Asks: 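Once you've had a glance at the structure underneath, I'll fire off some questions.
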Amino acid sequence: MKNSFKKYVNKIVSLAVVAVLLAGCSEYFDNPLKDKETGDDVNLLLVDFNFFTTRMTFKLYDAKDSSLITSTAEISFSGKNGDDIVTFAGEKKTTHSTTQGQMELTVDPNIDFSTSSPLEFAINVDIDGYNSLSKGFQINTTGKKTFELYLLNKSDEEESDIEGGIEITGASKSAAISKIAGTSVKSASTAGDYEIKYLLSVPDKSYIVNMEYENGSVVPFESVNDVGTLSVIFTVSKYSAYNEDEDVIYNEGAFIFTSFHKLETGSLVSLKINGYKVTNLNGAKIKVLGSYAGDAEYDLFGFTDFDTNDGAWYFYEPSDDLKDTVLYETLNFNYTLARASSEGLCGTGSNITFSSSVVSSFSIDADVFNADGAKIKAINFKGNFPETFTVENAKSAPVKLVFRNNNPSFNKISDLEIDNFCTGDYNVSVTPASGYEQYQIVLRALCPDNMTVGVAPTYSGEIKIKGSSEPWQGIDMIGGKVDILAKPDQEYEMRLLWDSEWEYATFSTIFNESDGSYAGPDYADTEITSEYIENKARIKVNVRKEFSQSICDDMGW
């Protein structure tokens, strides 16, 4: 991929040389060293990322309170197309690291994919203090994607003492003993009707005595003669308040992207028999059984593991005599109980057009709810008015889109009711908030060690009033140019996230009324000019900012 990226850069260099040769043409006689349209120096090599057709932003949230996780996150990719997820320098990294709670990456532009041949990969995230997360994706269309990933903080798991039963599997099995079953435990999950039972499975009664116990303690042999009097306590750390989701599963010989819902995750903390803590099973086994009586739409149920190589969840095969059962031979185990639909999602679904009376880019988040009011997923719409989006991986069912009120430049957007998420055309009208005006920002990011090289980025960014508590407003920059809504006479910050490093630029919306020229303060390492455009309908603000040299080093400049 790195060689492919250099080929693109070489093309850009060639175009820059041609531009210099053409600088003597008559239309440039006024100032042959300036580009007529942008005002850029002709001898400035501007590099853009616009040949990347798919840009992906990954955001990491706490599963319980939905806060952005800013601890160090180690992110890797696997699956069929895992190696095709690259940085904007064209580099495939074994592990990406970020402390910002988010990361923007892209797809090798040489890779073609479509609904019939989707891009398939898995993301794997490790953060200290959180349970590891793995999730599969199938991407059918190019464009701008935002993925919200929710990780469980280990401190949010609930520790419970659960009374279990004993199962004798050998020749000494008796009718009385076989009736002792694990205590049913109904989860607090929003999914409701499922149960988990726990059994200590031993070949014969003597195994209970032969197991190792803490501090060398043993269960008195006379207790074993009356197995029904033994107290068996499983202490489990678990979590069950997961929202419905979508993921890749393996079913009947195929990988499908479908509705997937973790019902409960957990791990064994300890096992005690008659108050004595077991430290070694010594041949005994722990049997965990699950049963489900919930939504018939989720026709797959059971314990499951994620295969990082395939990028998919595999449900355990049921044993001959017990369905939805998993057997552990060690005290150190964790489990995931889940439900899923065997019916895949629609590769493409409803068309949604966002329109407005203003010229502006936008980043609008929406939560998708099913007919029962349960959240299915979140979608980010990022573009420029007017723009139409085709929903990807949609469910053939009625849904409601609830737009988040987290963009201060727009008024609250009304909910959108959709009859069938797989079909239909819908229009969303967006109105600007009071006090906001239209501006155009043209960013030229320069490399400090080589001022003849600059970046005109096609990239996702954010702006907000400097020092304010309002949320960052998402913007969509193309070729370093972006249309925004902002308040006049304010100081703004604009930022781009490169790998794990935010690059900031500061500018002010203070201009001379006569000609639109910049009248705001000066900033170190930044040159700002401005002028009226479109018959004084808007002001164009030119921002030339020195980038971090480490970013330029990544690009080989």
Side-chain angles (χ1 to χ4, degrees), residues 1-2 4 52-61 73-88 90-98 102-127 130-152 242 245-262 265 300 303-316 334 336 338 340-348 377-378 392-394 499:
M1 172 58 201
K2 196 74 173 179
S4 299
F52 290 116
T53 58
T54 300
R55 293 143 46 198
M56 301 187 294
T57 300
F58 299 92
K59 295 188 175 183
L60 311 176
Y61 292 100
E74 302 295 329
I75 301 172
S76 63
F77 294 90
S78 57
K80 177 183 174 182
N81 296 110
D83 288 339
D84 299 321
I85 311 300
V86 298
T87 70
F88 283 85
E91 181 181 4
K92 161 61 184 175
K93 291 186 176 181
T94 303
T95 303
H96 302 265
S97 180
T98 182
Q102 64 186 75
M103 176 172 287
E104 184 162 1
L105 297 168
T106 187
V107 179
D108 185 336
N110 298 302
I111 302 300
D112 294 323
F113 55 93
S114 63
T115 304
S116 60
S117 181
L119 187 79
E120 300 174 332
F121 66 93
I123 187 170
N124 311 288
V125 185
D126 288 297
I127 302 175
Y130 285 81
N131 286 337
S132 298
L133 178 141
S134 290
K135 180 176 172 59
F137 293 93
Q138 287 187 356
I139 308 301
N140 305 300
T141 61
T142 60
K144 300 172 285 286
K145 318 288 182 181
T146 297
F147 304 108
E148 296 186 353
L149 306 173
Y150 291 84
L151 288 88
L152 175 63
Y242 291 101
D245 201 358
E246 297 168 350
D247 215 316
V248 179
I249 67 167
Y250 181 82
N251 185 52
E252 296 184 351
F255 296 101
I256 61 173
F257 195 67
T258 187
S259 299
F260 179 84
H261 190 179
K262 290 181 184 177
T265 58
L300 300 175
F303 295 96
T304 180
D305 270 336
F306 192 85
D307 187 302
T308 55
N309 291 326
D310 289 338
W313 291 93
Y314 281 76
F315 283 92
Y316 296 168
N334 52 63
T336 297
S341 171
S342 61
E343 182 179 349
L345 301 172
C346 303
T348 56
K377 63 179 177 180
E392 190 171 3
N393 293 318
D499 201 357

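Fair warning: this is a prediction, and the values are worked out from it, not measured in the lab. For the numbers below, each heavy atom of this structure counts, side chains included, while hydrogens, waters and symmetry mates do not.
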Asks: List in chain and number order the residues that pass side-chain hydrogen bond (donor to acceptor under 3.5 Å, both in side chains) with T141, two or more places apart in sequence or in another chain; answer none if no residue qualifies.
Replies: K145, E392

Asks: Would you give the length of the straight line joining atom CG of N309 to atom OG of S78, rounded to the nearest 0.5 angstrom?
Replies: 6.5 Å

Asks: Nearest 0.5 Å, what's the CZ-OG1 distance between R55 and T146?
Replies: 9.5 Å

Asks: Please give me the minimum heavy-atom distance between P118 and N81, naming the atom from each residue.
Replies: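 Taking every non-hydrogen atom into account, O-OD1, 4.0 Å.
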
Asks: With heavy-atom distances below 4.5 Å as the criterion, would you say the side chains of L345 and S259 are in contact?
Replies: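 Yes - at least one pair of side-chain heavy atoms lies under 4.5 Å apart.
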
Asks: Which of these, L60, N124, T95, D126, sits in a side chain to side chain contact (heavy atoms under 4.5 Å, CB included) with I75?
Replies: L60

Asks: How close do T115 and T348 get, heavy atom to heavy atom, and via which atoms?
Replies: OG1-CG2, 4.0 Å

Asks: Holding to side-chain hydrogen bond (donor to acceptor under 3.5 Å, both in side chains), I want the full list of residues that pass it with S97, two or more places apart in sequence or in another chain.
Replies: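 Partners of S97 by the side-chain hydrogen bond (donor to acceptor under 3.5 Å, both in side chains) criterion, ordered by chain and then number, come out as E74.
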
Asks: Quick check: do D108 and K92 have side-chain heavy atoms less than 4.5 Å from each other?
Replies: no

Asks: When the ring centroid of F58 is compared with that of F77, is the distance short of 6.0 Å?
Replies: yes

Asks: If the condition is side-chain hydrogen bond (donor to acceptor under 3.5 Å, both in side chains), which residues does S114 pass it with, not counting sequence neighbours?
Replies: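 Expected list: S116.
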
Asks: Any chance you could measure K59, atom NZ, to E104, atom CD, to the nearest 0.5 Å?
Replies: 10.0 Å

Asks: Using side chain to side chain contact (heavy atoms under 4.5 Å, CB included), reason through T142 and F113 one step at a time and then give a plain yes or no.
Replies: CA-CA 8 Å; T142 60; F113 55 93; 3.8 Å; yes

Asks: Does a side-chain heavy-atom distance below 4.5 Å link K80 with F255?
Replies: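 They are not in side-chain contact.
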
Asks: Would you mind reporting whether Y130 and V125 have side-chain heavy atoms less than 4.5 Å apart?
Replies: no

Asks: At what distance, to the nearest 0.5 angstrom, does CZ of F306 lie from CG of L133?
Replies: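 F306 atom CZ to L133 atom CG measures 8.5 Å (nearest 0.5 Å).
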
Asks: How many angstroms lie between CD1 in I123 and OG1 in T308, if you round to the nearest 0.5 Å?
Replies: 13.0 Å

Asks: With rounding to the nearest 0.5 angstrom, report the CD1 to CE distance, I85 to M56.
Replies: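 Reported to 0.5 Å precision, the distance equals 3.5 Å.
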
Asks: What pair of heavy atoms forms the shortest contact from T87 to F52, and how long is it?
Replies: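 That would be O-CZ, 4.3 Å.
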
Asks: Going by side-chain hydrogen bond (donor to acceptor under 3.5 Å, both in side chains), W313 matches just one of T304, D247, D305, T258. Which one?
Replies: D247

Asks: Checking side chain to side chain contact (heavy atoms under 4.5 Å, CB included) against D84, which of T106, I111, N110, T54 comes through?
Replies: I111

Asks: What's the shortest heavy-atom distance between V107 and V86, and which atoms?
Replies: C-CG2, 4.3 Å

Asks: Of all the heavy-atom pairs spanning I249 and L300, show the shortest one and how long it is.
Replies: CD1-CD1, 3.5 Å

Asks: Is it true that the NZ or CZ of K135 lies under 6.0 Å from the centre of F137's six-membered ring and within 45 degrees of the ring axis?
Replies: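 That pair qualifies as a cation-pi contact.
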
Asks: Do side-chain atoms of N251 reach the backbone of I256 as a donor and acceptor pair under 3.5 angstrom?
Replies: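 Checking the backbone N and O of I256 against the side chain of N251, no donor-acceptor pair under 3.5 Å is found.
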
Asks: So, for V248 and G136, which heavy atoms are closest and what is the spacing to 0.1 Å?
Replies: CG2-C, 3.6 Å

